[in-house]
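See structure below.
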Amino acid sequence: MQHEPSAPAAEQTAQEAAAQPEPVPLPLTRAAGCPFDPPAELAELREQQPLRPMRYPDGHVGWLATGHSVVRAIAADPRFSSRYELLRYPLPGGPEGALPPATLGDLTGIDAPEHTRYRRLLAGKFTVRRMRQLTARVEQITADHLDAMERQGPALDLVQAFAHPVPALMICELLGVSPSDRAAFQAHTAMLSSPEAGPEELMAAMTALAECVRELVVAKRAHPTDDLLSDLTTSDLTDDELAGIGSFLLAAGLDTTANMLGLGTFALLRNPEQAAALRGDPGLADQAVEELMRYLSIAHTGVRAALEDVELDGQLIKAGDTVTVSVEAANRDPLKFPDPDTLDLHRKATGHLAFGHGAHQCLGQQLARVEMRVAFPALFRRFPTLRLAVPPEDVPLRDAMNIRGVHRLPVTWDTSDTWGKE
Ligand code: HEM
């Protein structure tokens, strides 16, 4: 693999190479007081050159894409690989050199044809129609958690009481985890996203969860029920593959949705006129979710490697070069979204890249959408006086992690003002 794309490529003239800007590290830290905005440097970089050299934490030089059209083009182009072993980690604290290959069942780290096989098998299970059928369950689970919040009374941590358990329960139902096993599943998944968990506890939770999924696969093969894992046992997937896919779905579907609910609620609390619009108009939910996805871009950064030389945006990306795509910069590109730094739930945010794009576009996006379309309005309707219980700067943010969000969201409300059951 070649690691120095900024060394003048044979096809580039000396003049072009001299004009190449210095490689920069990936800006990652959101400015104090701006928990919802991408690091300010990203906007400058995008304006200067939407595709430019970047210095990776391990010292090698690759590329950084920040413009909406170039990020979208890279995600859609099969000449860019997602195979982990060809990639370098773009965030600090990752492994030196290439990443370890994807574990069995991890769709994001593989290419066609392996990826296509898994994707085809799974795509039929995540259709809009099937996910919409889950709406009634999402509504029930959401209402149950709002009831529990009301019983507990203010103040409480919204992540623990709502943002994490609602998607956790949904993913358990989707996979077919029996009610008696759910407590164990939820304890392990809660540990995985706990800010207090040390490396040993994380490893123990991961091992325990993988073991739970493996047992589930064996049980579903013996006694299939009406759920996704049981469905998949009729395919030609092995138990190892099924266990890998089950664990991957848990990882891909839980932390993401939980952090969208947590950070999304924080954003709405800081934009009360937007929260009021959502509370007043249930018809706004669909587009509100798209705008929150765009605005927050919690899965902020992706990475690919060029399989061959690719000319893009006036640049020559050489075979083997690593390319980091800044989804959060792309989703704030003024060329695509006018007034991009304003949260405007009435905006049509179609075309945002927060669920990815191309062959690896999020498989669970319809489920995530259903959960958010139900959960945000229900929360703000049930608790019209919902507000932060601490100063905004005291809300602990998940910074410099793969998925942005909040570790905790302490909230309170006036008990006389809850609207009762929906
Ligand atoms: C708001 C919540 C979510 C966000 C922000 C999100 C974001 C993403 C993104 C950006 C990708 C593309 C990764 C890449 O290009 O490498 C992705 C892929 C994926 N997501 Fe989601 N996701 C969410 C919810 C879910 C849920 C609920 C599930 C499943 C139950 C899920 C399952 C997957 C899977 C299986 C993939 C891999 C697809 C592939 O590589 O072919 N996601 N997600």
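Ligands are counted one by one from 1 in listed order, and the atoms in each one are counted from 1 as well. The shown structure was predicted, so the numbers you read here are calculated from the model rather than taken from an experiment. This chain uses plain numbering: 1 for the first residue, then up along the sequence.
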Quick test of your reading of the structure: of Ser82, Gly253, Ala251, whose heavy atom lies closest to atom 27 (C) of ligand 1? Gly253
Is the NZ or CZ atom of Arg332 positioned over Tyr295's six-membered ring, under 6.0 angstrom from the centre and within 45° of the axis? yes
Looking at ligand 1, does Gln365 have a heavy atom less than 4.0 Å from it? no
Pick one of side chain, backbone, both or neither for how Leu254 approaches ligand 1, counting any non-hydrogen atom pair under 4.0 Å. neither
For Thr108, counting its heavy atoms only, list the atoms of ligand 1 lying under 4.0 Å from any of them. 13 (C), 16 (O), 37 (C), 40 (O)
Near Met293, which atoms of ligand 1 are under 4.0 Å from a heavy atom of that residue? 1 (C), 5 (C)
Any idea how Phe337 and His68 line up, ring-wise: parallel (<30°), tilted (30 to 60°), or perpendicular (>60°)? perpendicular
Protein contact to atom 38 (C) of ligand 1 [nearest heavy atom, distance to 0.1 Å]: Arg119 NH1, 3.3 Å
May I ask you to list the atoms of ligand 1 that are less than 4.0 angstrom from any heavy atom of Leu249? 35 (C)
At less than 4.0 angstrom from any non-hydrogen atom of Ile171, what atoms of ligand 1 do you find? 30 (C)
We want to know whether Glu241 and Tyr118 form a side-chain donor-acceptor pair, criterion being a heavy-atom distance below 3.5 angstrom. yes
Mind checking whether His115 contacts ligand 1 via backbone (N, CA, C, O), side chain (CB onward), both or neither, at a 4.0 Å heavy-atom cut-off? side chain
Please step through side chain to side chain donor-acceptor pair (under 3.5 Å) for the pair His352 and Glu290, ending with a clear verdict. CA-CA 8 Å; His352 72 72; Glu290 299 313 311; 2.8 Å; yes
Donor + acceptor pair across side chains of Thr322, His60 (<3.5 Å): yes
For atom CD of Glu47, is the number of surrounding heavy atoms from other residues, nucleotides or ligands below 6.0 Å larger than 12? no
Answer yes or no for Arg270 and Phe36: cation-pi contact, defined as NZ/CZ to six-membered ring centre under 6.0 Å and angle to ring axis within 45°. no
Option with minimal heavy-atom separation from atom 9 (C) of ligand 1, where the choices are Tyr118, Phe126, Phe355: Phe355
Filtering Leu363, Ile298, Leu107 for the heavy atom nearest atom 34 (C) of ligand 1 leaves Leu363
Could you verify whether a donor N or O on one side chain and an acceptor N or O on the other, from Arg304 and Ser81, lie under 3.5 Å apart? no
Side-chain donor or acceptor of Arg398 paired with backbone N/O of His407 under 3.5 Å: no
Proximity flag Gly302 to ligand 1, non-hydrogen atoms under 4.0 Å: no
For atom 24 (C) of ligand 1, closest protein heavy-atom neighbour: Thr256 OG1, 3.4 Å
Does any N or O atom in His360 lie less than 3.5 angstrom from one in ligand 1, N or O only? yes
min-distance protein heavy atom vs atom 1 (C) of ligand 1 -> Met260 CG, 3.5 Å
For atom 21 (Fe) of ligand 1, which of the options Gly264, Ala354, Pro167, Cys362 provides the nearest non-hydrogen atom? Cys362
Which residue is it: Ile245, Ile171, Leu175? I am looking for the one with a side chain to side chain contact (heavy atoms under 4.5 Å, CB included) to Leu228. Leu175
Within ligand 1, which atoms have a heavy atom of Ala368 less than 4.0 Å away? 1 (C), 2 (C), 24 (C)
Examine the side chains of Tyr84 and Asp106 and answer whether a donor and an acceptor come within less than 3.5 Å of each other. yes
Compute the minimum heavy-atom distance from Ala359 to ligand 1 and say whether it is under 4.0 Å. yes
Regarding Thr238 and Asp240, do their side chains bring together a donor and an acceptor under 3.5 Å, going by distance alone? no
What I want to know is whether Gln361 and ligand 1 share at least one N or O pair that is separated by under 3.5 angstrom. no
Under 4.0 Å from a heavy atom of Phe248: give me the atoms of ligand 1 that qualify, with their elements. 34 (C), 35 (C), 37 (C)
Report yes if Arg304 has an N/O atom closer than 3.5 Å to an N/O atom of ligand 1; otherwise report no. yes
Regarding Ser69 and Lys336, do their side chains bring together a donor and an acceptor under 3.5 Å, going by distance alone? no
